[in-house]
Number of protein chains: 4
Amino acid sequence: MTNDRNERRLRFALIGGGPGSFIGGVHRIAAELDREIELVAGAFSSDADRSAQAGAAYRIDPARAYPDLATMLAAEAARPDGIDFVTIATPNHHHLPAARAALEAGIAVMSDKPATATLQEARDLADIVAGAAVPYALTYTYSGYPLVREARARIAAGEIGQVVKVIVEYSQGWLAGAVDSKQAAWRLDPGRAGAGGCIADIGVHAFHLAEFVTGLHVTQLLADLGSVVPGRTLDDDAQLLLRFDNGARGALLASQVMIGERNGLRLRIHGTRGGMDWRQETPNRLVIHHGDGRTEIVQAGDASLGSDAMAGLRTPGGHPEGYLEAFANLYRDFATLLRGGAAPLLPGISDGLRGMALIETAVHASREDSGWVHLIV
Amino acid sequence: MTNDRNERRLRFALIGGGPGSFIGGVHRIAAELDREIELVAGAFSSDADRSAQAGAAYRIDPARAYPDLATMLAAEAARPDGIDFVTIATPNHHHLPAARAALEAGIAVMSDKPATATLQEARDLADIVAGAAVPYALTYTYSGYPLVREARARIAAGEIGQVVKVIVEYSQGWLAGAVDSKQAAWRLDPGRAGAGGCIADIGVHAFHLAEFVTGLHVTQLLADLGSVVPGRTLDDDAQLLLRFDNGARGALLASQVMIGERNGLRLRIHGTRGGMDWRQETPNRLVIHHGDGRTEIVQAGDASLGSDAMAGLRTPGGHPEGYLEAFANLYRDFATLLRGGAAPLLPGISDGLRGMALIETAVHASREDSGWVHLIV
Amino acid sequence: MTNDRNERRLRFALIGGGPGSFIGGVHRIAAELDREIELVAGAFSSDADRSAQAGAAYRIDPARAYPDLATMLAAEAARPDGIDFVTIATPNHHHLPAARAALEAGIAVMSDKPATATLQEARDLADIVAGAAVPYALTYTYSGYPLVREARARIAAGEIGQVVKVIVEYSQGWLAGAVDSKQAAWRLDPGRAGAGGCIADIGVHAFHLAEFVTGLHVTQLLADLGSVVPGRTLDDDAQLLLRFDNGARGALLASQVMIGERNGLRLRIHGTRGGMDWRQETPNRLVIHHGDGRTEIVQAGDASLGSDAMAGLRTPGGHPEGYLEAFANLYRDFATLLRGGAAPLLPGISDGLRGMALIETAVHASREDSGWVHLIV
Amino acid sequence: MTNDRNERRLRFALIGGGPGSFIGGVHRIAAELDREIELVAGAFSSDADRSAQAGAAYRIDPARAYPDLATMLAAEAARPDGIDFVTIATPNHHHLPAARAALEAGIAVMSDKPATATLQEARDLADIVAGAAVPYALTYTYSGYPLVREARARIAAGEIGQVVKVIVEYSQGWLAGAVDSKQAAWRLDPGRAGAGGCIADIGVHAFHLAEFVTGLHVTQLLADLGSVVPGRTLDDDAQLLLRFDNGARGALLASQVMIGERNGLRLRIHGTRGGMDWRQETPNRLVIHHGDGRTEIVQAGDASLGSDAMAGLRTPGGHPEGYLEAFANLYRDFATLLRGGAAPLLPGISDGLRGMALIETAVHASREDSGWVHLIV
């Protein structure tokens, strides 16, 4: 069998994603959904037994379930059918070292967000990526939804005029009380999560979504982070006011203590000639407020959709697609990139840098009660 | 016919509400809905002809359509069937003088919000009300919705535990561009509206609703008001961060430039044991997030409703009631007050004072970029 | 004061609507909402004491709370300010005699639906109405909703092409078990309700709505009525298949045993160039499916609304109006009629006849298991 | 590598699913989603070139893209890594011969619905399946949705008491006019689709869903099928009344001519102690109407879900899963079956037989205008 990347499925390894992980399985499904990519290896856990156990669960060749990243990179490099890229699905403090090791070994990287644990690390990573021969991308998953891409394309085409107001919110409730899970533990631990809690876990998703869809950059922000549940070091609730580079006003509300909220990411964008409203929990609809007062519901599969949205759909209208399919769209873009094509919608290190700047700026500004501050990347 | 207030319909006059007014007709319908009150007189306009014209449209006795308030108060005082109260439905700058004149004449007052045009005026009015022999009330209309009252009662009973997070938003789009209407003109004119635009027109409604339902007081706020449409002196978009007296965090987002939004008032309250979500545009539903993760939709007419909500409903479940009926609930409360009963849910001058403090504090803090400031009434 | 009907409020009396009645109060509010009409008298109950008690509750002149209809008609005829019309709000078996007595006394009639208790009675009534000097109208309430009228106007204008499919459903749950209330008692009693239970109580509303909005007539039907709750003589669940005079296919599903359903009237109409969807419980929205695949949400207050809808609205967009306002639109039409104007949308005896034909045809066809039968009025 | 089915991924081939097919790609994604199964071969088209072209698009070994089924079965039987099962994704008239050939060759079968083109074929197939050593299953996709399985489990546990009323509807609009597509062509051709159009394409899905969730069997039906678009031989709109074996009443409304409807499958079930409501286009929610009047929204990921629903979910609450994941649940069940486990929820030949009986009975009864007829399998 040829090893020409255009003639075969791409091969990847997971870093992290071991037993108990939610995101590891998601990466696997998303990557393989279009049969462009397959999971062949992994350093799933820092515990060798657990890594082997995960390998078996993923049904990969036992020889390719490695005890650590260095071993994996060396072993895979020696194989004729070695991996094309790694996916980093670890707590945040491992992101930089893992990405560095892979990139320096000539292995492309798909990384969980946020890019790193600190802004300085992100700057270091940006330098590494700039000098790397292989691509680096970041799974801001929500930018993979077809209707999100539709919104972006319509705004870029001027459909709502000049953007004047943006409200993005991300409401969850799973950290409303004391939570005893592996998922919660590292997110609430500054040593593993970094300086941000809610702002780093979900706020940064909301931030990226707002910038991605509007095509604008946040230039100033005012941050009010709080720890609602007693005893927490990191924030579990974040309220930000925003100013965009075209002068548009905005607000970002993220919370993990709103009981009853599952994964309530919602983006509203209003311009001088219309508005849009998208909700992650009903992702196949996009509400369009036209300038003449008409309200339209655009749905996945509609003939009015543009090419970006259409490319991201795998079923006809009325057959709901969801989170895994959105995630798979990022992997499809990444495969295109690895095969030498263009993937302009796929988040990369510059998005990662902006996200880390958001987190650190917000954490610092809130702690110091600084009022409006510039967002400097 | 007896003149005992308990034996007859109460009689009222409109101040304002002349030709072209939206709110005049609403007051009339709401006041009369339960046949406890009837419109009998009015000083509908500062133009005598227009006042007469309005009187004819309302089908009242032509002799009781007066050219001005002073004339009306004198004439009505001389009648055996004179008015019991006035409703003030004028631009804001007339609120104080009208209320003062009526109260000093021994005539009760139902007033549009905000209470006055300035905080100082509100303080003056509070003194007048304190010394008056007759009641004064304020039409924070949205507090009249049965499901709003249900939410309030449930929170007071501890159903969601301690409140930790409040998001209240009020989104409109009708001032998104240049607007040429009587409704818009005075709201955008500092001479008639006062120091606040959007914050005074709708932000204050959102503020009252949040305090009313939670039973908490805002103690600190951070305000970011803006004038999105070029050339405006007053704000048309307001973003506030809030802190309540129990330590709860909150945000208030009000805007009149979001095209496609009609009257999007929504209140979300989350506590340590649950959450609630209410929307004005579907007012007969209240979403309850229980602490065990169950989501319940409580609807008007449900057997689970408490007495406050039940008292505010006129039809069985499934027969939608709306804005006019909510408004009528305030008038029913006011009638109860005038007949010597108690109406603890009806907004009064203390609510009016708090609203004016909000407006002035927000306008000043935003203009000075003051960061967090105390809300002092 | 002049007695010219154009110069004063119209005066009416209730027949029925005594203590415990739901619909009596609704008629009173709806009739008075626009100040075109006022309640001045009533024969509220066949029990004189209860009639007096109701009169006091309605705050009318005690002298005008009559013990029976005949007394009322005689007494009112003798007054210079006597009634202009009566509203019949009794169980169905009283409809014909009450309407006959009023019309023969030269008093106009507004009647609850269904028109009578039997089709033969409806035919008799039609003859009486044909010979009467004063108007007769019928409160098919749901035809008063502004967005229903909008749907009708758009279909009449050809917006969805030729109608090919109609689904109308009316789901309630309040009779799902044994119910012990005055409201339930007469509806379940053939002696007072007539031959139909659910079909007569709500099915006939659905039927009228479908014909009203499409502008078509049902020519054939197939009926499957059932009594789900043991021991009932009358139907509490009705399933009908329909054929309209233009060949369109349809279904009518009405039930009173669907626990959790409040007043779930919904109408969907599809044509060769589009479709529409309206729901009574969110009455201020109308979904339009355009022929090119776009879905639009038309809302009360939108600039795109036609004159029929606009005329039925009392508040700006986003201020919900509901059942009482829809009902009031019928009374406004009736006032127009009484003052000599035209009210082409107001249901009359021909609608009443068609409804009675529906009930009797459906009951008979279901009992005999007749398959498709013609609907003959 | 071992060939023990428990130690490796199962291997399958597609029959049909060639270029232009929608359902072929869906089967591939669904089968592979959990890494329990992989596509390795196919007889994708009766045209050898097109089959090879499809094989390349699926990225399978070119040697395993066969020109016809017989060749494939022979070749795969000769391989040590031959297929474990085939998926039949062809027009209906190929279902029986394909299933027969595979089963007789000892190859398990996963088949698209309806089972065959005629009831007689289905009876023949049932005999073949009864005598086969390997499993046969049927992709009634909608029974794979987690919340559908939740509804089924709750009803089986008695949560809504005895079922009394079922409304199932399936509304589409894509065949509202003349349609020129491969998808439409065979569905409208009696030679390839069989005797039923809409009833066979989607009505049978609705029918299966209703029986699956209620656990009841339809014993009698009354059918009204129509061809709305001129020139069609097969039905494009179907209205059925149903009677279940416990006496429950029901209606099934399926249509492909309702413009603006995408894939509007909805199931409502009401019992003596509650009700349920599920919609395919928002599949992660299940409305529960409790007997005490409370309405609850159960969502994917909720702690209250039972084991059947939980087993079908791959992400936490709030991360929408859709059609592909539901489909994958059927394949996961099928893998369990092939490995010797039990899959009681997976549809099989008895469901297929009932579906074919529905189609033929409905088509015949409608054509003959037979009124109520028994559904005899």
Side-chain angles (χ1 to χ4, degrees), chain B residues 1 7-10 22-23 25-26 28-30 32-39 56-62 141-142 145 170-174 181 183 260-265 279-285 297 299-302 314-328, chain C residues 1 7-10 22-23 25-26 28-30 32-39 56-62 141-142 145 170-174 181 183 260-265 279-285 297 299-302 314-328:
Chain B
M1 187 182 279
E7 302 295 320
R8 60 166 175 86
R9 294 174 76 179
L10 300 171
F22 142 59
I23 206 68
V26 165
R28 201 279 304 157
I29 292 174
E32 296 193 334
L33 200 77
D34 291 313
R35 231 175 197 249
E36 298 292 330
I37 297 168
E38 63 184 327
L39 177 70
Y58 286 119
R59 293 187 180 280
I60 63 164
D61 179 350
T141 324
Y142 304 105
Y145 275 112
Y170 201 146
S171 304
Q172 295 184 334
W174 68 295
S181 77
Q183 299 298 330
E261 293 287 346
R262 278 84 172 175
N263 203 34
L265 176 61
R279 295 166 189 244
Q280 194 269 153
E281 296 190 3
T282 49
N284 298 299
R285 299 162 49 105
I297 310 293
Q299 294 189 44
D302 281 8
R314 291 164 185 83
T315 56
H319 297 73
E321 300 192 37
Y323 178 81
L324 294 172
E325 290 83 2
F327 214 129
Chain C
M1 187 180 278
E7 301 294 318
R8 61 166 175 84
R9 297 174 74 180
L10 301 170
F22 141 60
I23 206 68
V26 164
R28 202 278 304 156
I29 293 175
E32 296 194 335
L33 200 77
D34 292 312
R35 230 174 200 251
E36 298 291 329
I37 297 168
E38 63 184 328
L39 178 70
Y58 286 120
R59 293 189 180 281
I60 63 163
D61 179 351
T141 324
Y142 304 106
Y145 275 111
Y170 201 145
S171 304
Q172 296 184 333
W174 69 295
S181 77
Q183 299 299 330
E261 294 288 346
R262 279 81 173 177
N263 203 34
L265 176 60
R279 294 166 190 245
Q280 192 270 151
E281 296 190 4
T282 50
N284 299 296
R285 300 161 47 105
I297 311 293
Q299 294 190 42
D302 281 8
R314 292 165 185 82
T315 57
H319 297 74
E321 300 191 37
Y323 178 79
L324 294 172
E325 290 83 1
F327 216 130

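Each chain gets a letter, A, B and so on, in the order its sequence line appears, and its residues count up from 1.
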Check your understanding: Looking at B/R9, B/E281, B/Q299, B/Q172, which one has more heavy-atom pairs under 4.5 Å with chain C than the rest?
Key ->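 The option with the most such pairs is B/Q299.
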
Practice item. Mark yes or no for whether C/R35, through its side chain, and B/L39, through its backbone, hold a donor-acceptor pair below 3.5 Å. Key: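 Yes.
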
Review point. Quick one: what part of B/I23 sits under 4.5 Å from any heavy atom of chain C, side chain, backbone, both or neither?
Key: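 Nothing of B/I23, per the 4.5 Å heavy-atom cut-off to chain C.
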
**Study point:** Residue B/Y142 versus chain C: region with a heavy atom under 4.5 Å
**Key:**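 Side chain only.
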
Check your understanding: With only heavy atoms counted, which part of B/D61 is less than 4.5 Å from chain C, the side chain, the backbone, both or neither?
Key ->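 Contact with chain C is absent: no heavy atom of B/D61 under 4.5 Å.
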
Exercise for review: Can you tell which part of B/R285 gets under 4.5 Å to a heavy atom of chain C, answering side chain, backbone, both or neither?
Suggested key: neither

Check your understanding: Rounded to the nearest 0.5 Å, how far does CG of C/L324 lie from CD1 of B/I29?
Key ->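 So the CD1 of B/I29 and the CG of C/L324 are separated by 11.0 Å.
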
Point to revise | Aromatic ring proximity C/H319/B/F327, centre distance under 6.0 Å | key: no

**Study point:** C/G318 backbone acceptor or donor facing B/E261 side chain under 3.5 Å
**Key:** no

Practice item. Return the option, out of C/T315, C/T141, C/N284, with the maximum number of heavy-atom pairs under 4.5 Å with chain B. Key: C/T315

Practice item. Enter the distance from B/E325:CD to C/E321:CD here, rounded to the nearest 0.5 Å. Key: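 Between atom CD of B/E325 and atom CD of C/E321 there are 8.5 Å.
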
**Study point:** Top of B/P316, B/G25, B/G322 for chain C proximity - count of heavy-atom pairs under 4.5 angstrom
**Key:** B/P316

Check your understanding: Given the options C/T282, C/D34, C/V26, which has more heavy-atom pairs under 4.5 Å with chain B than any of the others?
Key ->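 Maximum pair count with chain B is reached by C/D34.
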
Study note, to complete from the structure: For B/Q280 and C/P320 the tightest heavy-atom approach is OE1-CD, 3.1 Å

Exercise for review: Walk me through it: do C/R262 and B/D302 pass the test side chain to side chain contact (heavy atoms under 4.5 Å, CB included)?
Suggested key: CA-CA 9 Å; C/R262 279 81 173 177; B/D302 281 8; 2.7 Å; yes

